[in-house]
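Heads up: the structure comes next, in structure tokens.
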Amino acid sequence: MKPVPFLDLGRLHQAIREPLDAAYRRVVDSGWFIMGPELEAFEAEFALYCEVRHCVGVGNGLEALHLLLRAYGIGPGDEVIVPSNTFIATWLAVSECGATPVAVEPDIATHNIDPELIASAISQRTRAIIPVHLYGQPADMDPINALAARHGLIVIEDAAQAQGARYKGRRAGSLSDAAATSFYPGKNLGALGDGGAVLTNDAAIADKVRQLRNYGSMVKYQHDLAGYNSRLDELQAAFLRGKLAVLDAWNERRRQVARQYSRLLANTGITLPVVPDHADPVWHLYVIRSKDRNALKSHLEQQGISTVIHYPTPPHRQRCYAEFAGLHLPVSETLASEVLSLPMDPLMDAADVERVVGETCAGESARVRIVQGL
Ligand SMILES: *Cc1c(COP(=O)(O)O)cnc(C)c1O
């Protein structure tokens, strides 16, 4: 029985071992490790890829969001609208600058923030909206941007899971005032360590983030802002340049895996991902829903198939957000209890997908038989 890993980064990196080795040698031989030519080159290449004017490399995705919020002057007393069912970093970035996250429920079909529910969450204190392109599928940005324009709000995309995705033909990360992304190793474009970036067409915001990431300094030993140390280092930038060269090919493989999943799992009673016409997703995750998710997960585990739950506990139910424990957010609570991410790896082959599908159906039909008392 061949195991199917969730994502085998070791094997993926074997496939591009030469450019990674070359990146390592360039940086080691240069003797320059922070804020140098690799970062500058990667920022230019990734800005071009994302179809924006400016890319600023930072320490990680959480910091990309946080520095952007600070660059826009968001702080104590302000409210920022966030999805109720995102990875907790989206909320933590808001809390980190002293502002308050205001949760809006997702559309149950796409799992992305429901634009129609945003209006009623806007108050006098609202400053910004952070839509997340969850699982690599762009949120419905046009109505969100229109609403933000009417209320004078900033829109910041959380594009951590969506490198290469498109919305109505345009790149995720280029669809609003600014975007934050993450190069955590498991993302579609992952570093070999932590990393992140800010994307924007606004030169002033890009400069502000450049300043904030480097102790609030633009000129060495001159500090006009109380900043941070949050930089994308030369080694990670060099690795990312090598990996950016294969991002489109690996995203295309993810699309093929997703297509095969969707074809083979159609009409099996399992709730599958829904892709609206406006979205060309990059399948960071392939997320199904099952009423007895935990049993299905353990069945797959017993068959050597690794799955992950994204995410088992919504932010408002985390202990660190005890102040929101009274919130009732039924859509994200339902999703948290039913979602299961199937293996998604650019190097999976058709036989791997068939095996995952076969065991997923076996696990589900056992459940259905039990429920029906057969
Ligand atoms: C990964 C992720 C982040 C945080 O990125 P890090 O680099 O891990 O800090 C933020 N938002 C979303 C949606 C993510 O998936």
Side-chain angles (χ1 to χ4, degrees), residues 6-7 9 42 46 55-70 80-97 101 103-104 106 110-113 128-139 141 144 155-165 167 172-173 175-176 178-199 209 212-213 228-233 236-237 239-240 243 251 254 279 281-287 308-315 318 320-321 332 335-336 339 341 344:
F6 184 74
L7 168 66
L9 286 174
F42 173 71
F46 196 54
C55 167
V56 185
V58 297
N60 54 63
L62 171 58
E63 282 299 286
L65 284 166
H66 170 229
L67 297 190
L68 260 179
L69 290 166
R70 266 215 59 187
V80 176
I81 291 171
V82 293
S84 54
N85 64 323
T86 180
F87 178 57
I88 197 163
T90 320
W91 288 45
L92 291 175
V94 176
S95 306
E96 205 177 342
C97 58
V104 167
T110 65
H111 302 204
N112 269 330
I113 194 166
I129 307 170
I130 310 184
V132 177
H133 305 314
L134 202 63
Y135 316 148
Q137 169 154 294
M141 294 301 293
I144 296 171
V155 180
I156 296 171
E157 294 161 72
D158 181 338
Q161 303 187 357
Q163 291 121 355
Y167 172 80
L175 305 168
S176 59
T181 197
S182 161
F183 307 123
Y184 178 78
K187 308 293 189 193
N188 289 40
L189 178 60
L192 276 63
D194 274 315
V198 160
L199 303 161
V209 173
L212 286 169
R213 75 174 170 183
Y228 306 88
N229 174 356
S230 181
R231 300 168 303 207
L232 181 65
D233 65 66
Q236 296 308 333
F239 288 143
L240 284 166
K243 294 190 72 176
N251 279 345
R254 287 173 182 270
V282 286
W283 302 102
H284 174 60
L285 301 170
Y286 188 94
V287 179
V308 184
I309 297 166
H310 298 94
Y311 299 94
T313 308
Q318 299 285 355
C320 68
Y321 280 126
S332 45
L335 290 178
V339 290
S341 304
M344 175 51 80

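Values below: all heavy atoms of this structure, side chains included; hydrogens, waters and symmetry mates excluded. Order of listing sets the numbers, starting from 1, for every ligand and every atom in it. What you see is a predicted model; the values in this text were computed from it and never measured. In this chain, residues are counted from 1 in sequence order.
- With a 4.5 Å cut-off on side-chain heavy atoms, Ile113 and Val132 do not count as touching.
- Side-chain atoms of Gln236 and Leu192, non-hydrogen and from C-beta on, do get closer than 4.5 Å to each other.
- Proximity of Phe87 to Leu92: side-chain heavy atoms (C-beta onward) are nowhere separated by under 4.5 Å.
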Residue pair Tyr167, His133: steps toward the ring pair (Phe, Tyr, Trp, His ring centres under 6.0 Å) verdict: CA-CA 10 Å; Tyr167 172 80; His133 305 314; 8.0 Å; no
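- Contacts of Ala103 classified as side chain to side chain contact (heavy atoms under 4.5 Å, CB included), with partners at least two apart in sequence or in another chain: Ser84, Trp91, Leu329.
- Checked by distance only, ligand 1 and Leu65 stay at 3.5 Å or farther apart across all their nitrogen or oxygen atoms.
- Not a single heavy atom of His133 sits less than 4.0 Å from an atom of ligand 1.
- Where the criterion is an N or O separation shorter than 3.5 Å, residue side chain and backbone included, Leu62 meets it with respect to ligand 1.
- For atom 15 (O) of ligand 1, the closest heavy atom belonging to the protein is Lys187 NZ, 2.6 Å.
- Atoms of ligand 1 lying under 4.0 Å from any heavy atom of Gly61, numbered from 1 in the order shown and given with element: 5 (O), 6 (P), 7 (O), 9 (O).
- Within ligand 1, counting atoms from 1 as listed, the ones closer than 4.0 Å to a heavy atom of Ala89 are 3 (C), 4 (C), 10 (C).
- Among the atoms of Asp158, some N or O lies under 3.5 angstrom from an N or O of ligand 1.
- Using 4.0 Å as the threshold, Val132 has a heavy atom nearer than that to some atom of ligand 1.
- For Phe46, the ring-ring contact (aromatic ring centres under 6.0 Å, His included) partners at least two apart in sequence or on another chain are Phe42, Phe183.
- Put simply, the side chain of Asn85 does not reach to within 4.5 Å of the side chain of Pro314, judged on heavy atoms.
- Between Thr86 and ligand 1, a contact under 3.5 Å exists for no N or O pair.
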